[in-house]
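Since the structure comes first, as structure tokens, the remarks are kept for the end.
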Amino acid sequence: MLGAALRLRLRVLRRPRLQRRRRRSRGGREAGAEDEGQEPVLLVSGMGGSVLHARRRSDPKFDLRVWVRILFANLDFKKYLWSLYNADTGYVEPLDDDVEIVVPEDDHGLYAIDILDPSWVCRTLHLSMVYHFHDMIDMLINCGYEKGTTLFGYGYDFRQSNRIDKAMSGLKSKLETAYKTSGGKKVTIISHSMGGLLVRCFMSMNHDVFAKYVNKWICIACPFQGAPGCINDSLLTGLQFVYGFESFFFVSRWAMHQMLVECPSIYEMLPNMDFNWKTKPIIQVWRKSPEKDGTVELIQYEAADCVSLFEEALRNNELTYNGKKVPLPFNMAVFKWATETRRILENAELPDTVSFYNIYGTSYETPYDVCYGSKSSPIGDLSEVCHTVPAYTYVDGDCTVPIESAMADGFAAKERVGVKADHRGLLSDENVFELLKKWLGVSEKAQRRHVSKAEVVDLSC
């Protein structure tokens with residue numbers, strides 16, 4: 001979903017109805033499914049890629065989908081998903097003590113990552129922006145995979161850290177289930193975006209378990225070294241998924257910002273300060289200097305300097321919840337936690353028994369450097385940055401993750417392949433599907449349209 005945030009309008013598309021039919025026998029099994037030799041597949045979502053429900057401890061019947069929802073989104077988002085980081089536990093906790101945020105486990109974990117707003121409105125209009133793993137799930141079923149036997153999903157509370165205990169134990173449990181249910185066959189993990197960081201954390205912290213249960217890991221659009229332009233700006237001005245008239249029905253940029261400031265997962269995707277970037281990503285601010293008689297200067301912050309900018313720009317940031325003011329400055333406790341996460345990520349080693357594949361998006365302008373203000377309209381107090389429209393310097397990538405970051409996995413990959421698609425679009429791209437089928441060693445049961453190989457860029461190394 002991060003990729004969609006950088007698109008300048010809602011893509012409301014009538015999705016062509018899929019031609020392939022799912023033939024099911026009694027009991028829900030695929031008729032003629034050839035799964036005896038198939039290894040199970042586990043799909044792992046990324047930032048914003050899981051359905052989240054709010055439940056009340058005082059009312060067992062209360063169960064409300066709060067992410068994603070198109071209608072009344074902003075109100076419920078602020079009421080249930082605004083939260084604070086607890087430095088003692090490492091968890092993000094709701095502002096309302098009676099509320100808990102959960103990920104629905106329906107359909108063997110696939111429901112939460114399939115259509116992110118499964119309301120009748122979105123299904124009727126086929127709103128493409130909320131169809132997440134949907135097409136890939138359909139493709140895999142058409143290849144003979146069966147939900148609950150050889151096909152599983154793993155959604156999680158993406159606000160939390162990628163190494164938090166609940167996420168790690170949840171992934172372990174899902175791997176064990178897939179392994180046992182399929183008759184002791186090792187699992188192929190297909191991760192998208194930040195889900196790759198979660199998998200990498202798990203591999204680093206549970207190396208033997210990973211080696212026991214996993215045979216292949218196929219990583220799609222992972223920000224291994226961070227997503228500089230997107231994440232830097234997210235902490236300062238937020239994310240807006242929808243523009244124009246439709247924005248009245250979705251989460252506002254500022255409401256999103258007030259959640260992200262307390263999210264360890266966002267801090268964990270800041271550009272890696274120790275990575276040897278070809279050109280180091282920067283933030284620039286055109287600023288009027290009161291010490292120099294109002295002289296306008298272009299101040300430059302490299303990754304190591306950005307913390308001071310974040311602290312100054314967010315020092316007065318706050319939200320109002322139930323009539324009370326809640327301070328939300330740049331959270332140094334979260335930053336320190338994320339620094340340790342980066343160390344864990346760097347220490348990850350791929351087991352010799354696991355085959356690794358990397359797919360990344362190409363040919364789209366991807367934010368890299370960010371600039372606030374201008375020479376003719378400079379920033380005075382740095383807090384003004386948070387209410388400024390940024391200007392980007394772009395590099396090649398998928399609209400969210402630069403190629404340089406996505407390729408820098410540091411593993412002995414079997415293949416690294418660039419595909420011309422944007423960040424979210426990679427999940428429904430026919431070229432990606434062809435790669436998956438090749439690496440999985442499967443084929444579809446029904447004829448599908450021809451895929452142009454010319455659109456695939458192979459930069460394996």
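- In this structure, the side chains of Lys185 and Pro40 come closer than 4.5 Å at one or more pairs of heavy atoms.
- By the 4.0 Å N-to-carboxylate-O rule, Arg56 lies close enough to Asp96 to be salt-bridged with it.
- In this structure a side-chain-to-backbone donor-acceptor pair under 3.5 Å is present from Arg424 to Tyr131.
- What you find for Pro281 and Pro228 is that their closest heavy atoms are CB-CB, 3.6 Å.
- Across every non-hydrogen atom of Asn74 and Ser252, the tightest pair is OD1-N, 2.8 Å.
- Between the side chain of Ser169 and the main chain of Lys166, a donor-acceptor pair closer than 3.5 Å is present.
- For the pair Val251/Val68, no side-chain contact is recorded, criterion being any heavy-atom separation below 4.5 Å from C-beta on.
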Report the C-alpha separation of Val432 and Ile220 in whole Å, then their side-chain angles, then the decisive distance to 0.1 Å, and conclude whether the side-chain contact (heavy atoms from CB on, under 4.5 Å) test is met. CA-CA 9 Å; Val432 171; Ile220 302 174; 4.2 Å; yes

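- Minimum interatomic distance between Cys399 and Asp422 (heavy atoms only, all atoms of both residues): SG-CB, 4.1 Å.
- Judged purely by distance below 3.5 Å, without hydrogens or angles, the side chains of Ser193 and His423 pair a donor atom with an acceptor atom.
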Might you work through the side-chain contact (heavy atoms from CB on, under 4.5 Å) test for Asp157 and Leu52, ending with a clear yes or no? CA-CA 7 Å; Asp157 185 350; Leu52 299 181; 4.1 Å; yes

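- If you check the side chains of Asp233 and Thr237, you find a donor sitting under 3.5 Å from an acceptor.
- Proximity of the aromatic rings of Tyr267 and Phe330 is defined here by a centroid distance below 6.0 angstrom, and this criterion is met.
- Heavy-atom minimum distance, Lys147 versus His108: C-CD2, 3.7 Å.
- Panel note: side chain Thr341, backbone Trp337; a donor-acceptor pair is recorded below 3.5 Å.
- Each side-chain hydrogen bond (donor to acceptor under 3.5 Å, both in side chains) pair with one or both residues in residues 199-228, not counting sequence neighbours, appears once here: Glu39-Asn215, Ser191-Trp217, Gln225-Asn272.
- Asp107 places no side-chain N or O within donor-acceptor distance of the main-chain N or O of Leu110, the cut-off being under 3.5 Å.
- Under the rule for a side-chain hydrogen bond (donor to acceptor under 3.5 Å, both in side chains), Ser308 has no partner lying at least two apart in sequence or in another chain.
- For the pair Tyr154 and Leu175, the minimum side-chain heavy-atom distance is 4.5 Å or more.
- Note: Tyr80 and Phe62 have tilted aromatic rings, judged against thresholds of 30 and 60 degrees for the angle between ring planes.
- No side-chain donor-acceptor contact under 3.5 Å links Arg55 to the backbone of Leu64.
- Evaluated for a side-chain contact (heavy atoms from CB on, under 4.5 Å) with Leu328, the options Leu260, Leu314, Leu84 yield exactly one hit, Leu84.
- Aromatic pair Trp254/His387: ring centres closer than 6.0 Å.
- Ser50 contributes a side-chain N or O that, together with a main-chain N or O of Tyr156, makes up a donor-acceptor pair within less than 3.5 Å.
- Side-chain atoms of Thr150 and Ser182 include no donor-acceptor pair closer than 3.5 Å.
- Minimum interatomic distance between Leu197 and Phe224 (heavy atoms only, all atoms of both residues): CD2-CA, 4.1 Å.
- Applying the salt bridge (charged side-chain N to carboxylate O under 4.0 Å, His left out) test to every pair with at least one member in residues 338-362, sequence neighbours left out, gives these pairs: Glu340-Arg343, Arg342-Glu346.
- Remark: the backbone N or O of Gly226 is paired with a side-chain donor or acceptor of Ser405 at under 3.5 angstrom.
- Sorted by first and then second residue, the side-chain hydrogen bond (donor to acceptor under 3.5 Å, both in side chains) pairs involving residues 315-336 (not counting sequence neighbours) are Gln258-Asn317, Glu262-Asn331, Glu312-Arg315, Arg315-Asp381, Thr320-Lys325.
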Checking salt bridge (Lys or Arg N to Asp or Glu O under 4.0 Å) for the pair Arg65/Asp117: CA distance, chi angles, key distance, verdict? CA-CA 9 Å; Arg65 176 170 41 81; Asp117 184 345; 3.0 Å; yes

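- Every pair passing salt bridge (charged side-chain N to carboxylate O under 4.0 Å, His left out) that includes a residue from residues 70-91 is listed here, sequence neighbours excluded: Arg69-Asp76.
- In this structure, the side chain of Asp369 engages the main chain of Ile282 through a donor-acceptor pair within 3.5 Å.
- Under the salt bridge (charged side-chain N to carboxylate O under 4.0 Å, His left out) criterion, Glu93 pairs with no residue, sequence neighbours left out.
- One N or O on the side chain of Thr366 and one on the backbone of Gly397 form a donor-acceptor pair closer than 3.5 Å.
- Between Leu140 and Val41 the shortest side-chain heavy-atom distance falls below 4.5 Å.
- When all heavy atoms of Tyr111 and Pro118 are compared, the pair lying nearest together is OH-CG, 3.3 Å.
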Test side-chain contact (heavy atoms from CB on, under 4.5 Å) applied to Phe133 and Asp114, step by step: CA-CA 5 Å; Phe133 270 98; Asp114 188 344; 5.7 Å; no

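- Side-chain contact between Phe152 and Leu43: absent, with no pair of heavy atoms (C-beta onward) separated by less than 4.5 Å.
- At a cut-off of 3.5 Å, with distance as the only test, a side-chain donor of Glu268 or Ser161 sits close to an acceptor on the other residue.
- The shortest side-chain heavy-atom distance between His257 and Val261 falls under the 4.5 Å cut-off.
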Show, in sequence, the C-alpha distance, side-chain angles and deciding distance for Val417 and Trp439, and conclude whether the side-chain contact (heavy atoms from CB on, under 4.5 Å) test is met. CA-CA 12 Å; Val417 183; Trp439 295 335; 4.1 Å; yes

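- Proximity of Phe411 to Asn358: side-chain heavy atoms (C-beta onward) are nowhere separated by under 4.5 Å.
- Listed for the Lys186 side chain is a donor-acceptor partner under 3.5 Å among the backbone atoms of Ala211.
- The closest side-chain donor-acceptor pair between Asp98 and Ser58 falls under 3.5 angstrom.
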